[in-house]
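For this chain, numbers begin at 1 and follow the sequence in order.
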Amino acid sequence: VVRAWDLAATHGAGDYTAGVKMGVDAQGRLWILDVVLLQGSPDEVDDTILSTAQGDGRAVSIRLARDPGSAGVRDVASLVRKLRGYAVRPETVSRDKALRARPFASQVNVGNVQMVRCTRIVATGPFQKQATHEALLGMMRGFPMGTVKKDGVDAAADAFDELVDKPQGRYA
């Protein structure tokens, strides 16, 4: 089981910080187990990621999307320090979002991805007052051409990538 995060940091506006928890069952089906969507300040994002990690437990690996610029490197390094004791792997984001999502979309399109209903509710933005799993479905329906936010798709694609191509020994 892994939780992948796509990071943003504008309180009440802009992109969402998205955290998608995903696992694989004995039959090889993918399960989206939980979704976090937040338009928060940097401190709110850090606090949410830490409290989510504590709720998930230490057995859940964490993947953080790292923007290639120096600010992205610094921000993720700070998060890794805060997540001491957890298996965390920063991954630099370099490819086009649509290209990164294609392998995950292939599994969705053949019915190999299931989703658990989430009790979390989105507080702000275009998905305000929706359950986070419904908001993620909305993002997936609009991807890549829609005008809605796509951050949940980025996190889901990263979680999928981590599950199918998990490099051993590369966790901080």
Side-chain angles (χ1 to χ4, degrees), residues 1-8 15-38 45-46 48-67 76 79-80 82-122 127 130-144 146 148-172:
V1 177
V2 66
R3 184 175 299 266
W5 290 95
D6 183 67
L7 304 175
D15 288 339
Y16 285 98
T17 290
V20 174
K21 183 177 173 183
M22 188 180 293
V24 181
D25 68 18
Q27 290 75 38
R29 289 178 303 213
L30 298 158
W31 285 86
I32 296 174
L33 303 168
D34 185 52
V35 180
V36 175
L37 294 169
L38 168 72
V45 168
D46 288 1
T48 298
I49 290 172
L50 182 57
S51 67
T52 301
Q54 291 166 341
D56 287 345
R58 295 186 191 275
V60 176
S61 299
I62 301 168
R63 176 166 162 167
L64 299 172
R66 177 177 51 210
D67 289 330
V76 168
L79 265 172
V80 170
K82 289 178 183 180
L83 291 164
R84 188 173 322 145
Y86 296 91
V88 182
R89 188 168 81 87
E91 181 71 23
T92 300
V93 178
S94 59
R95 295 182 294 159
D96 172 77
K97 290 175 182 267
L99 183 62
R100 285 181 21 230
R102 284 177 65 192
F104 173 64
S106 296
Q107 296 300 309
V108 170
N109 291 337
V110 298
N112 195 30
V113 179
Q114 308 295 316
M115 188 178 326
V116 174
R117 293 183 184 273
C118 299
T119 57
R120 297 176 194 265
I121 303 297
V122 181
F127 296 105
Q130 289 185 25
T132 55
H133 72 279
E134 292 291 341
L136 178 59
L137 286 172
M139 290 179 187
M140 292 166 103
R141 285 184 199 107
F143 188 86
V148 297
K149 303 293 183 190
K150 300 164 183 69
D151 313 297
V153 176
D154 296 338
D158 287 349
F160 171 78
D161 183 57
E162 194 69 13
L163 284 172
V164 300
D165 192 29
K166 183 184 264 184
Q168 298 301 314
R170 288 186 43 199
Y171 284 84

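Side chains of M115 and W31 form no contact here, defined as non-hydrogen atoms less than 4.5 Å apart. Here the side chains of F104 and M140 are in contact, with some heavy-atom distance below 4.5 Å. Counting heavy atoms from C-beta on, the side chains of L7 and L79 come closer than 4.5 Å. Residues L30 and M22 meet the side-chain proximity criterion, which asks for heavy atoms closer than 4.5 Å. Here the side chains of V116 and I32 are not in contact, with every heavy-atom distance at 4.5 Å or above. Contact annotation: the side chain of D151 never approaches that of T17 to less than 4.5 Å [non-hydrogen atoms, C-beta and beyond]. Inter-residue side-chain proximity for V80 and Y86 is flagged as unmet; no heavy-atom pair is nearer than 4.5 Å. Side-chain contact between R120 and V35 is absent, with no heavy atoms from C-beta onward closer than 4.5 Å.
For R29, the salt bridge (charged side-chain N to carboxylate O under 4.0 Å, His left out) partners are D25, not counting sequence neighbours. Checked against salt bridge (charged side-chain N to carboxylate O under 4.0 Å, His left out), R100 has the following partners two or more places apart in sequence or in another chain: D158.
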Assess the residue pair D34 and H133 against the criterion (side-chain contact (heavy atoms from CB on, under 4.5 Å)); give the C-alpha distance rounded to whole Å, side-chain angles, the decisive distance to 0.1 Å, and a yes or no. CA-CA 7 Å; D34 185 52; H133 72 279; over 6 Å; no
Kindly determine whether L33 and V20 satisfy side-chain contact (heavy atoms from CB on, under 4.5 Å), including the steps that lead there. CA-CA 8 Å; L33 303 168; V20 174; over 6 Å; no
side-chain contact (heavy atoms from CB on, under 4.5 Å) between I62 and L83, intermediate numbers included: CA-CA 9 Å; I62 301 168; L83 291 164; 4.3 Å; yes
Starting from the C-alpha separation in whole Å, work towards a yes-or-no answer on side-chain contact (heavy atoms from CB on, under 4.5 Å) for M139 and K149. CA-CA 6 Å; M139 290 179 187; K149 303 293 183 190; 4.1 Å; yes
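Salt bridge R89/E162: present, at least one basic N to carboxylate O contact under 4.0 Å. The pair D15-K150 fails the salt-bridge criterion, with no side-chain N (NZ, NE, NH1 or NH2) lying under 4.0 Å from an Asp/Glu carboxylate O.
The minimum heavy-atom distance linking D96 with A98 is given by the pair OD2-N, 3.1 Å. The shortest non-hydrogen separation linking D46 to K82 is OD2-NZ, 2.6 Å. Listed here is the closest heavy atom pair of A159 and A4: N-CB, 3.4 Å. Shown here for R117 and E134, the closest heavy-atom pair between the two residues is NH1-OE2, 4.0 Å. Summarising the geometry of V76 relative to A65, their closest heavy-atom pair is CG2-O, 3.8 Å, with the distance given to 0.1 Å. The two residues A18 and A155 come nearest to each other via the heavy atoms O-CB, 3.5 Å.
Interatomic distance, L64 CG to W5 CH2, rounded to the nearest 0.5 Å: 9.0 Å. Distance check: T132 OG1 to L137 CG gives 10.0 Å after rounding to the nearest 0.5 Å. The distance from atom SG of C118 to atom NZ of K21, rounded to the nearest 0.5 Å, is 10.0 Å.
Partner of R63 under the side-chain contact (heavy atoms from CB on, under 4.5 Å) criterion, out of D6, D161, V88: D161 alone.
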